[in-house]
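Here the structure is laid out as structure tokens; the discussion comes afterwards.
Residue numbers begin at 1 in each chain, while the letters A, B, ... track the order of the sequences.
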2 protein chains.
Amino acid sequence: MKQSDKYAEILKKGDLRATKQRYAILEVLDCNGAPVSAEDLYIQLKRKGIPISLSTVYRILDAFQEKGIVVRSNFPDVSKAVYELFCEEHHHHLLCVDCRRVFPVEGCPLEDYERLIEERLNFTVKGHNLEVYGHCKDCKKKT
Amino acid sequence: MKQSDKYAEILKKGDLRATKQRYAILEVLDCNGAPVSAEDLYIQLKRKGIPISLSTVYRILDAFQEKGIVVRSNFPDVSKAVYELFCEEHHHHLLCVDCRRVFPVEGCPLEDYERLIEERLNFTVKGHNLEVYGHCKDCKKKT
DNA sequence: GTTCCTGCAAATAATTTGCATACCT
DNA sequence: AGGTATGCAAATTATTTGCAGGAAC
């Protein structure tokens with residue numbers, strides 16, 4: 001299946017019209033392994049020559065998040081939201097507080113914890129938001 | 001030790017002058033078990049008759065965070081930051097997406113995970129931010 | 001007295017909204 | 001054609017900053 005067909009399918013499933021801007025956002029998110037802010041996304045799109053406005057970026061991300069196409073989260077100490085494509089293999093990120101790069105980590109240690117919360121506290125867990133921060137390999141070297 | 005002495009000590013340790021506003025913020029944070037936003041804090045202070053401005057609240061929270069007196073975090077889907085007193089017993093929160101109340105949970109499941117990250121990825125973990133969300137006991141009943 | 005803190009108002013940053021036009025189906 | 005999406009500019013919300021006066025040490 002071609003990439004663009006994949007995007008078309010995602011949009012159809014979400015009952016969203018296929019537009020150039022939506023395709024472009026899906027493509028950029030797909031290439032960026034890590035979460036991106038609305039503004040970064042906007043800059044990347046402009047750089048690629050896609051005609052789009054920042055408010056459209058926000059509106060599309062909102063729509064995507066509503067349909068479960070993207071996931072929004074926040075890094076500690078950063079006041080803007082970041083977005084990434086929803087991905088079957090649930091995972092987390094490492095944020096380097098020095099270079100600010102983001103590294104994905106496979107897997108998630110929270111399954112047991114969530115089960116425990118459900119049992120002990122009678123709280124139905126819908127999901128969680130976990131960000132781990134510290135110093136990456138490269139930044140450690142520099143010091 | 002009196003409560004106010006405790007606050008005085010916290011401020012002294014942080015090299016911060018003892019002012020009415022700082023005492024009041026420590027007190028409000030101490031009473032709220034859960035994290036609060038700057039604005040909520042401001043409203044609670046005003047209600048108590050404390051003369052303070054919103055920018056002072058922000059400035060104090062900033063200073064406190066710098067000194068490690070408070071911890072700032074973000075709840076998913078909420079664009080404003082929340083703050084709580086730093087607490088020796090590291091813990092997390094449950095956010096009910098219905099009533100928006102926040103419940104503390106003792107303990108943290110991430111120690112092993114962090115050790116694993118340090119070993120496998122050569123990334124020095126400084127900390128993490130975890131928020132779990134879902135439906136609390138009471139809100140489940142209502143449906 | 002000196003330095004730090006606070007209040008006010010204005011600035012900035014992040015996000016949202018109204019409305020007219022343009023584009024999908 | 002009909003309804004939805006987009007762009008632009010203006011509105012809102014969250015947070016920060018400059019500066020003058022006030023309080024802590």
What protein N or O atoms touch nucleotides 15-19 of chain D N or O atoms at under 3.5 angstrom, if any, and at what distances?
residue : atom : partner : partner atom : Å
D/dT15  : OP1  : B/Ala81 : N            : 3.0
D/dT15  : OP2  : B/Tyr58 : OH           : 2.5
D/dT15  : O5'  : B/Tyr58 : OH           : 3.2
D/dG18  : O6   : B/Arg59 : NH1          : 3.4
D/dG18  : O6   : B/Arg59 : NH2          : 3.3

* Can you give one letter per nucleotide of nucleotides 20-25 of chain C, going 5' to 3': B for a protein heavy atom under 4.0 Å from the base, S for sugar-phosphate only, - for none? -> ----BS
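- OP1 or OP2 of D/dG7 lies within a sub-4.0 Å distance of a side-chain N or O belonging to A/Gln21.
- Enclosure of atom CD in A/Glu66 is not indicated, since only 12 or fewer non-hydrogen atoms of other residues, nucleotides or ligands lie within 6.0 angstrom.
- The side-chain contact (heavy atoms from CB on, under 4.5 Å) test applied to B/Arg59 returns B/Ser55, not counting sequence neighbours.
- Within the structure, salt bridge (Lys or Arg N to Asp or Glu O under 4.0 Å) contacts touching residues 17-27 of chain B (residues at least two apart or in different chains) are B/Glu27-B/Lys48.
- Side-chain atoms of A/Glu118 come within 3.5 Å of backbone atoms of A/Val125 as a donor-acceptor pair (strictly under, hydrogens ignored).
- Shown here are the salt bridge (Lys or Arg N to Asp or Glu O under 4.0 Å) partners of B/Asp112, two or more places apart in sequence or in another chain: B/Arg115.
- Ring centroid separation for the pair A/His92 and A/His128 comes in under the 6.0 Å cut-off.
- For B/Lys46, the side-chain contact (heavy atoms from CB on, under 4.5 Å) partners are B/Tyr42, not counting sequence neighbours.
- Rounded to whole Å, atom P of C/dC4 lies 16 Å from atom CD1 of B/Ile60.
- Both B/Leu16 and B/Tyr83 sit in one connected hydrophobic cluster of ILVMFWY residues. Membership requires side-chain heavy atoms under 4.5 Å apart, directly or through other members.
- Partners of A/Leu116 by side-chain contact (heavy atoms from CB on, under 4.5 Å), not counting sequence neighbours, listed by chain and number: A/Arg120.
- Remark: B/Asp62 engages no residue in a side-chain hydrogen bond (donor to acceptor under 3.5 Å, both in side chains) (not counting sequence neighbours).
- Rounded to a whole Å, the CD atom of A/Gln65 is 13 Å from the C1' atom of C/dT15.
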Can you tabulate the close N/O pairs, meaning under 3.5 Å, that link protein atoms to atoms of nucleotides 10-12 of chain D?
none

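- When all heavy atoms are compared, the tightest approach of B/Leu110 to A/Pro109 is CD2-CG, 3.5 Å.
- Where the helix from C/dG1-D/dC25 to C/dT25-D/dA1 starts and where it ends, the local axes point in directions that differ by 40°; five pairs per end, rounded to 10°.
- B/Cys87 meets the side-chain contact (heavy atoms from CB on, under 4.5 Å) test with B/Glu89, B/His91; sequence neighbours excluded.
- Considering every non-hydrogen atom in both A/Ala81 and A/Arg72, the closest pair reads CB-CD, 3.5 Å.
- Across every non-hydrogen atom of B/Tyr23 and B/Ala8, the tightest pair is OH-CB, 3.2 Å.
- Within residues 44-52 of chain A, no residue approaches DNA chain C, by heavy-atom distance under 4.0 Å.
- Following rounding to the nearest Å, A/Leu61 (CG) and D/dA5 (P) show an atom-to-atom distance of 14 Å.
- Rounded to whole Å, the distance from CG on B/Asp15 to P on D/dC25 is 11 Å.
- For A/Ser53 and D/dG7, the shortest distance from a side-chain N or O to OP1 or OP2 is below 4.0 Å.
- Each of A/Tyr58 and A/Phe86 belongs to its own hydrophobic cluster when Ile, Leu, Val, Met, Phe, Trp and Tyr are linked at side-chain heavy-atom distances under 4.5 angstrom.
- Between the side chain of A/Gln21 and the backbone N or O of A/Pro51 there is at least one donor-acceptor pair closer than 3.5 Å.
- Spacing between atom CD of A/Glu66 and atom P of D/dA5 amounts to 12 Å, rounded to whole angstrom units.
- Spacing between atom CG of B/Leu11 and atom P of D/dA23 amounts to 18 Å, rounded to whole angstrom units.
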